[in-house]
J.: 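Next up is a structure, given as structure tokens.
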There are 2 protein chains.
Amino acid sequence: MARQSFDEREVEQRRAEILEAAMTLFEAGGQEAVSFRKVAAVLGCSYAAPYRYFPGKEALLTAMRAQAFRWMEREMLAAIDPAQPPRQRLRTLAEAFIRAGIERPQRYALMFFRLTEPESGPRSMELAAAKRDALDVCTRTVAAAQAAGDLKLSVDPLTASHLFWVGAHGLVSLEVAGQFVMGRSVEELVPQMVRTLMQGLEEQSAIVARRAAP
Amino acid sequence: MARQSFDEREVEQRRAEILEAAMTLFEAGGQEAVSFRKVAAVLGCSYAAPYRYFPGKEALLTAMRAQAFRWMEREMLAAIDPAQPPRQRLRTLAEAFIRAGIERPQRYALMFFRLTEPESGPRSMELAAAKRDALDVCTRTVAAAQAAGDLKLSVDPLTASHLFWVGAHGLVSLEVAGQFVMGRSVEELVPQMVRTLMQGLEEQSAIVARRAAP
DNA sequence: AGTATTAAATTAATACTGTCAACTTTATCC
DNA sequence: GGATAAAGTTGACAGTATTAATTTAATACT
């Protein structure tokens, strides 16, 4: 028999090279700067070669999205400071997410600004995993705060972390899409959102207690 | 001298026809189903004719966005029931926004899923106005609730309405982008988000009072 | 009425894009 | 060395946005 395929390592290596080239183009000029032809030009191969490794542009974008979610996860993990009290840690985490998104609007848009289409294939698996892992950082932090007794939630931790996620995403996505032009900056809104969510999620008795004995 | 231009009415009429054709295509197949060539085909003119009325695709999309915001404003206004107490009215408004967005994901994406680029030209003015008017519905409802003494805010009404807007948008945009695949539906999250925001935005003394004497 | 003027519309052309099919190269196994 | 099959290349098709050159047609003035 003849050679049947690259070593799995080689294939994965080539895929990574293509992905890297695509990411380079993306960082330089956003989503519309990425095309199979430009990617091929960067790699010095012909424009149809990448099709051997990604069945279409959507697959390439899916891989790029997964990478972006991994990046976001790292950003969040890097922001966690174990020295901080759990409550404060959650606040820091939210701020890190928001800052990261605002500083890299293109990447954020890649991750979140798209319509759902039926996902399938190995690339989508990886994307789903990356997404889950990023959200897990948030969920764990909420759970830790609750376990430490620093945060008394009126809902379960998973719901609470989802609501934090939703709030943070609302802020970033509106900012990135330029919907705050009404003379108001996100900077003012971020701490207010975080405070509002914390206060709104806490057991009301906890608030009373906190006010009575700070 | 010869004819210098269409009557302004005629020009605006033609523009409206083009916009309508574009919207028809959009409703049928989303953003990628809209092209100058298809619009022209629908209108029965040549593919470059629309350029007389919209300088480029971005201008056409801007006009479409304004229309979408006007639609959202109508949806919200239609949901307002003066018979309801102001507090409940706000809840209803949030739910109407969220429902509308989820039912028309393409339209919602058109409105919110895009990166900021320097806007200019008359079309952008109209878009900004439509956006402002839609948000104003929210702001007015919050202000009315506060004026009626039904809602005691710990922040100014404009900030409060912005936070409601952010929360609602967070929910819709994540849902529309298919980010809730982790086995949780928006339906559960919507009321929780609304309750959390309301509770978090209220004066803490008001909560205590509400608990003491419901 | 006839003609000059000029906006509106059309056509041709450029430069891209994603994707597929046919073809060539090339590395490995027997 | 020759067979084999994967990897890569090339050509082609059907789109896209956009611009420039050109044609059409309607008006205003002589």
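First the proteins, then the strands, lettered A, B, ... as listed; each starts at 1. Values below: every heavy atom of this structure, side chains too, minus hydrogens, waters and symmetry copies. Fair warning: this is a prediction, and the values are worked out from it, not measured in the lab.
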J.: Between P on D:dA7 and CZ on A:Phe54, what's the gap in Å once rounded to a whole number?
T.: 14 Å

J.: State the CG-CE distance between B:Leu25 and B:Met64, to the nearest 0.5 angstrom.
T.: 8.0 Å

J.: Assess whether a salt bridge exists between B:Arg132 and B:Glu73, defined as any Lys/Arg side-chain N lying under 4.0 Å from an Asp/Glu carboxylate O.
T.: no

J.: May I ask you to decide if the ring planes of A:His169 and B:His169 are parallel, tilted or perpendicular, using 30° and 60° as cut-offs?
T.: parallel

J.: Rounded to the Å, how far apart are A:Arg52 CZ and C:dT26 P?
T.: 15 Å

J.: For the residue pair B:Leu19 and B:Tyr53, establish whether any side-chain heavy-atom pair is separated by less than 4.5 Å.
T.: no

J.: Figure out the CD1/P separation between A:Ile18 and D:dG8, and round it to whole Å.
T.: 8 Å

J.: Is the Lys NZ or Arg CZ of A:Arg37 less than 6.0 Å from the centre of A:Tyr47's six-membered ring, within 45° of the axis?
T.: yes

J.: Enumerate the residues from residues 41-49 of chain A whose closest heavy atom to DNA chain D is under 4.0 Å, giving them by residue number; use none for an empty result.
T.: A:Cys45, A:Ser46, A:Tyr47, A:Ala48, A:Ala49

J.: Can you classify the ring geometry of B:Phe112 versus B:Phe69 as parallel (below 30°), tilted (30 to 60°) or perpendicular (above 60°)?
T.: perpendicular

J.: Could you check how far CD of B:Glu10 sits from P of C:dA9, rounded to whole Å?
T.: 10 Å

J.: Does the structure show a Watson-Crick or G-U wobble partner for C:dT28, both distances under 3.5 Å? Name it, or say none.
T.: D:dA3

J.: Could you work out which one of C:dA8, D:dA7, C:dG18 sits closest to the side chain of A:Lys57?
T.: C:dG18

J.: For the side chain of B:Tyr51, counting heavy atoms from C-beta on, which of D:dA7, D:dT19, C:dT17 is nearest?
T.: D:dT19

J.: State whether B:Lys38 places a side-chain N or O below 4.0 Å from either non-bridging phosphate oxygen (OP1 or OP2) of D:dT16.
T.: yes

J.: Could you tell me the separation between the CG atom of A:Leu171 and the CD1 atom of A:Ile98, rounded to the nearest 0.5 Å?
T.: 5.0 Å

J.: Using whole Å, what does the distance between atom C1' of nucleotide D:dG8 and atom CZ of A:Arg15 come to?
T.: 16 Å

J.: How far does NZ of A:Lys57 sit from OG1 of A:Thr62, to the nearest 0.5 angstrom?
T.: 12.0 Å

J.: Rounded to whole angstrom units, what separation is found between the CG atom of B:Leu25 and the P atom of D:dT16?
T.: 10 Å

J.: Heavy atoms within less than 4.0 Å of DNA chain C: which residues of residues 29-37 of chain A have one? Give them sorted by number.
T.: A:Val34, A:Ser35, A:Phe36, A:Arg37

J.: Only pairs with both distances under 3.5 Å count, Watson-Crick or wobble alike; so what is the partner of D:dT30 in this structure?
T.: C:dA1

J.: So if I apply the ring-ring contact (aromatic ring centres under 6.0 Å, His included) rule between B:Phe97 and each of B:Phe164, B:Trp165, B:Trp71, which one comes out positive?
T.: B:Trp165

